[in-house]
Amino acid sequence: MRYIKAFILLALILLVPFTGEAQEKSKPVETKGLFNVIKQDADYFFDVPDALLSRQLLASVRFTSTPAGIGKYGGESIVTHTVYFQTAPNNQLLLRSNILVNNADPTDEINRAVQAASEDPIIAAFKVEKRGKGFRRIKVSDFFRGSDALGFPQKVKQQFSISQVNGQLSFIDTIKTFPMNTEVRVTRTYYGNTGSYAAQLTGGVTFGLNISFVLLPEQPYQRRLFDPRVGYFADNFAYFSDNQQRVQPRRFITRWRLEPKDSAAIDSMKQGYLVEPKKPIVYYIDPATPKQWRPYLIQGVNDWQKAFEAAGFKNAIRGEEWPNDSTMSMEDARFSVIRYLASDIANAYGPQIHDPRSGEILESHICWYHNVMTLVHDWYMIQAGTLDEAARQMKYDPELMGQLIRFVSSHEVGHTLGLRHNFGSSSTVPVDSLRNKAWVEAHGHTPSIMDYARFNYVAQPEDGISHDGIFPRIGDYDKWAIQWGYTPMFEAYDDDSDHWELEKLIGNRLRDNRRLWFGDGETNRTNDPRCQTEDLGDDVVKASEYGILNLKRELKALPEWTYESNDINGANLSSLYRGIGQQLQRYTGHVMRHFGGTEYNYRTIDEPGDMYVLTPRAKQKDCMAFMKRLYLDAAPRWMVDLPYIKRLTPDPEDNLCRLGKSVVGNMTSASVLERLTSEYPADDYLSDIEASVFKAGASGLYQRALQDSYVRALCDYYTSKLGQSDYAGVSAVVFKHLKALQQRFAGSSDDYTLRLKDEIDRALKI
C-alpha cells in the first residue's frame, strides 16, 4: 500500500507540468478590417494602422439589450463621440475625444491659437504591445470590459440610478471588423441603486451595448449652410481665419451624401434628367417586426422617392426586408434600420448619426414602439370617425392600420433625412379648401408630412372626402425641402459658393408659393400662432368650430364605436371620452395662442417687408368671442349631457367646473398676459373676460368656478410680481381690475362673493 501511495504522489507531481502546459495560451485568431482584431483566449487586441493615427472615427454607442422597466430598448442610441488615436511617450497610444467647437484652416497662422485653445480630452491610454510594420498593437479587453468612456454619459447614469461598471460581471461578447468599421458588442453590469426592478432585487443592472467605430471620410462632405427658411437639423462650430475681422459661425445642415454615380450621370443631371446616386439610402426592417406591418413601413420609406426626384435623383431611397444573412448585424454601423421595440410606449422617433465636421448623415436607427398603434388608432377615431366608417371600431382592419403605420413611417424617415418639424405648414391652407373634396384630395390637408397635422378634422360627413383628403402625405413643402437640401451645386467650391448657388435655386419661389413656407414652432422664440401642433387651416376659429361639430357627433356614437364584449369596466369608452376632451382642449389652445400673437417672417437682407407682424385686434376679438361662446357665457353641457355619463364619472357637474376653471386659469396665466400687445391691450382683454364671467345675474356652480379661477389667477399674478419693475405694466392693469372687483363686491351679503373679496383684500394688502 505504501508503494501505491508513493506512485500516486509521483504521478501527481509529474502531472503538474503537464497541466500547466495544457493551460498555455491558445493560438491567436486574427480578423482583418478597419482595425485588425486579434483574439487570444479572453483577450482582444487591435492593430491600429499608422495610416489611421489622427484620423477621425465616429464612435457610436447603442443598446443591444436593456433591463425591463427602464423605458429604453435594444437598438436605441446612447451617445456618439468623434475619436482619434494619437501616439504618446512611454510607448503609449492615446484615444482622444474630438470636441469640435472651434475650427480653422490648417494653413492659417491662427490655427495655432485655435489648437492651443482646443485641447481634446484623453479617454484611454494603451500600452503598445507590439510595434509591427505599419501598425501598433494594443490590448483593448480591459477598456471595453471595465471603462465607461465609451458608454453611459453621467446624466444617463443619473437617469438610471447606476454608478460605475462592475468589471467582474462584464465581458466582451464579440468584436467584428470590416473595411470601414469595427463593431464591439459587450455585456456590462453596473452597480445600481433603486432605479429599476433589477437593481432593487440584485443591487446591479446589466446592459447589452454595441460600440461602432466608423472611419470618417478624410475629406469631409461639402457642407450646406443652414437657412432658417428651410427646416433642417443643423450642426455648428466657430470658424477662424487670418483674413477675418470677426469670428464666423458655421452652421450647416445634416443630410446624406447623395452624389451622381459617375461623370456621365453628372452631365445628364445638368441637362435635367433624373439619375441614380452613387450610393442610395437604404432602410432595413427589423426582423422582429410583425410580418403584416413590414410592407407599410417599407412604403413609408419608398414614398420619399418622389421627393428626391425633385432633387434630380431616381431610386435614391428604398426600404427593404432584413436579409437572411448571418454575416449581417443590425448593430453594424453600415446599415440603417427601422427597429421594432416591444414597448407599451405609444410613440416612434427617428434619430440620425452624422459627421460633426460636415453634417453628413452616416446611419439611422428609427425606433418604432409596438404600442404606437394605440396612438394612431385613437387619433383616427377622434379626428376622422365621422368621415370614415372603418374608424368606428376598436380593432381596425389590417389595411387601415397599415396605412396609419405608413404615414408615421414617412414622418419619422423625414427626420432621418435631416428634416425638422414644420408646424406652420398647415396654416397655409384655406379652411374652406379642407372641405372641398376635389381640392383636398388632390393637394392634401397640409403641404408637409413633417407637420403635426394628423387628420382632416375640419371635413364634415356630408363632404364625402376619401382617405386622400383625410390622411397626411408627403407634400409640396417636403419635395421642396429635399430639393433644396440634396440638389448638387456643381459650380460650388466651398460653403459660401454653395450657398450662393442655392440662392439662384430659391429665386422667388418662397415668395410666390406660400405652400413652401417653413413655420418654425420649436426654436422660434416669438409666439407665432401659425406654428402650432395638431392644428389645421388659416382660420383657427372656423377650423375649431368644424372640429367641435364632429366631436359632438362622436360623443353620441361613442358607446357603439368603443364596444367590445370583453370590456367589462368600460375602459374603451372612458379612454376615448378622455381623448375627445383632450381634442377639445387642443382646439381651445389653438385659439388662445392668438391672444398677443406675433407672426415672425424670415427675410434676407435684400427682401422687403416686416419681420414681425402683430396678430390684428379683429382676429383676437374673434378668438375671444369663440371662447365666450364655448366656455365663458355658458357651460359646454354637451360634454356631460350624455345618457352614459354616469358610467364615466360620479359627478358630471364637477367635471364641468374643473374644465371651466382650467380654461379661465389658462386665459389669465402669466404667459398670456405678458405677451399681450397694443393690438389687444391687457386692460381690454381682462375687461372682455369679466364681462362674461361676472355678468349680471350669473349664478350656479359653473359660473362660480369661473369667477374663483379668475380672481385667484389675478391675485397670484399680482403678488408674485411685486417689486419686479419689468412687469410693472401688466401688474398695474391687474391691480386696476382687482380694485374694481373689490369695490364691486363691497357691501355684498353673499358668502361666496365675500370670500372672493377677502382673497382680493389679502392680495392687495401684501
Side-chain angles (χ1 to χ4, degrees), residues 60 62-66 72-77 176 178 181 183 185 208 210 212 256 258 277 279-308 315-353 361-377 396-419 449-450 471-474 478:
S60 59
R62 66 177 70 253
F63 295 111
T64 58
S65 60
T66 61
K72 292 291 182 182
Y73 304 88
E76 294 192 271
S77 178
K176 298 180 180 180
F178 307 95
N181 60 299
E183 306 291 328
R185 190 160 182 161
N210 190 87
S212 296
W256 292 85
L258 212 60
K279 183 182 178 182
I281 305 166
V282 180
Y283 292 82
Y284 292 99
I285 308 301
D286 188 337
T289 306
K291 289 183 178 180
Q292 68 266 34
W293 308 134
R294 296 178 192 176
Y296 300 102
L297 289 169
I298 289 173
Q299 287 176 0
V301 178
N302 294 344
D303 284 343
W304 283 97
Q305 288 187 14
K306 58 189 176 185
F308 280 100
N315 302 322
I317 184 171
R318 66 177 184 270
E320 291 185 5
E321 293 252 12
W322 184 259
N324 185 19
D325 185 344
S326 61
T327 66
M328 291 177 61
S329 167
M330 285 189 292
E331 279 71 45
D332 188 331
R334 293 175 297 174
F335 306 121
S336 293
V337 184
I338 299 180
R339 295 297 298 261
Y340 203 89
L341 310 181
S343 170
D344 59 359
I345 297 172
N347 196 18
Y349 68 96
Q352 37 91 347
I353 292 174
I361 298 173
L362 303 170
E363 59 101 352
S364 170
H365 277 52
I366 295 172
C367 294
W368 190 276
Y369 298 104
H370 178 68
N371 208 33
V372 73
M373 289 183 285
T374 296
L375 189 68
V376 295
H377 171 278
Y396 286 168
D397 178 89
E399 171 62 19
L400 174 57
M401 179 55 71
Q403 292 302 328
L404 295 174
I405 287 172
R406 176 182 178 179
F407 106 76
V408 179
S409 173
S410 287
H411 179 92
E412 301 305 338
V413 169
H415 284 316
T416 66
L417 298 176
L419 299 182
I449 193 77
M450 303 313 298
F471 275 62
R473 60 181 189 253
I474 292 169
D478 306 308

For Asp303, run the salt bridge (Lys or Arg N to Asp or Glu O under 4.0 Å) check against Arg406, Arg318, Arg473 and tell me which one passes.
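Testing Asp303 for a salt bridge (Lys or Arg N to Asp or Glu O under 4.0 Å) against Arg406, Arg318, Arg473 leaves exactly one candidate, Arg406.
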Please give me the minimum heavy-atom distance between [X] and [Y], naming the atom from each residue.
X      : Y      : value
Gly414 : Trp304 : CA-CZ2, 3.5 Å
Ala348 : Val408 : CB-CG1, 4.3 Å
Pro351 : Ile366 : CD-CA, 4.3 Å
Phe178 : Glu183 : CE1-CG, 3.9 Å
Met330 : Pro287 : SD-CD, 3.7 Å
Met401 : Tyr396 : CE-CD1, 4.1 Å

Working to the nearest 0.5 Å, report the span between [atom1] of [X] and [atom2] of [Y].
X      : Y      : atom1 : atom2 : answer
Leu297 : Ile285 : CG    : CD1   : 5.0 Å
Asp344 : Asn371 : CG    : CG    : 6.0 Å
Ile405 : Gln292 : CD1   : CD    : 8.0 Å
Asn315 : Asn302 : CG    : CG    : 9.5 Å
Ser409 : Tyr296 : OG    : OH    : 13.0 Å
Asp286 : Thr289 : CG    : OG1   : 4.5 Å

Side chains of [X] and [Y], heavy atoms from C-beta outward: is any pair under 4.5 Å?
X      : Y      : answer
Ile338 : Glu412 : no
Leu258 : Phe308 : yes
Ser212 : Asn181 : no
Trp293 : Trp368 : no
Gln299 : Gln403 : yes

Take a 6.0 Å sphere around [atom1] of [X] and say whether it holds more than 12 heavy atoms from other residues, nucleotides or ligands.
X      : atom1 : value
Lys306 : NZ    : yes
Asp325 : CG    : yes
His377 : NE2   : yes

Measure the acute angle between the ring planes of His415 and His411, then classify it against the limits of 30° and 60° as parallel, tilted or perpendicular.
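His415 vs His411 ring planes: perpendicular.
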Fit a plane to each ring of Tyr349 and Tyr369, take the angle between them on a 0 to 90° scale, and name the class: parallel (under 30°), tilted (30 to 60°) or perpendicular (over 60°).
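Geometry flag for Tyr369 against Tyr349: tilted rings.
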Is Glu331 salt-bridged to Arg62, going by a charged N under 4.0 Å from an acidic O?
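Salt bridge absent between Glu331 and Arg62.
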Would the distance check show the side chain of [X] and the main-chain N or O of [Y] forming a donor-acceptor pair, the cut-off being under 3.5 Å?
X      : Y      : answer
Ser65  : Gly208 : yes
Gln352 : Thr416 : no
Glu320 : Tyr284 : no

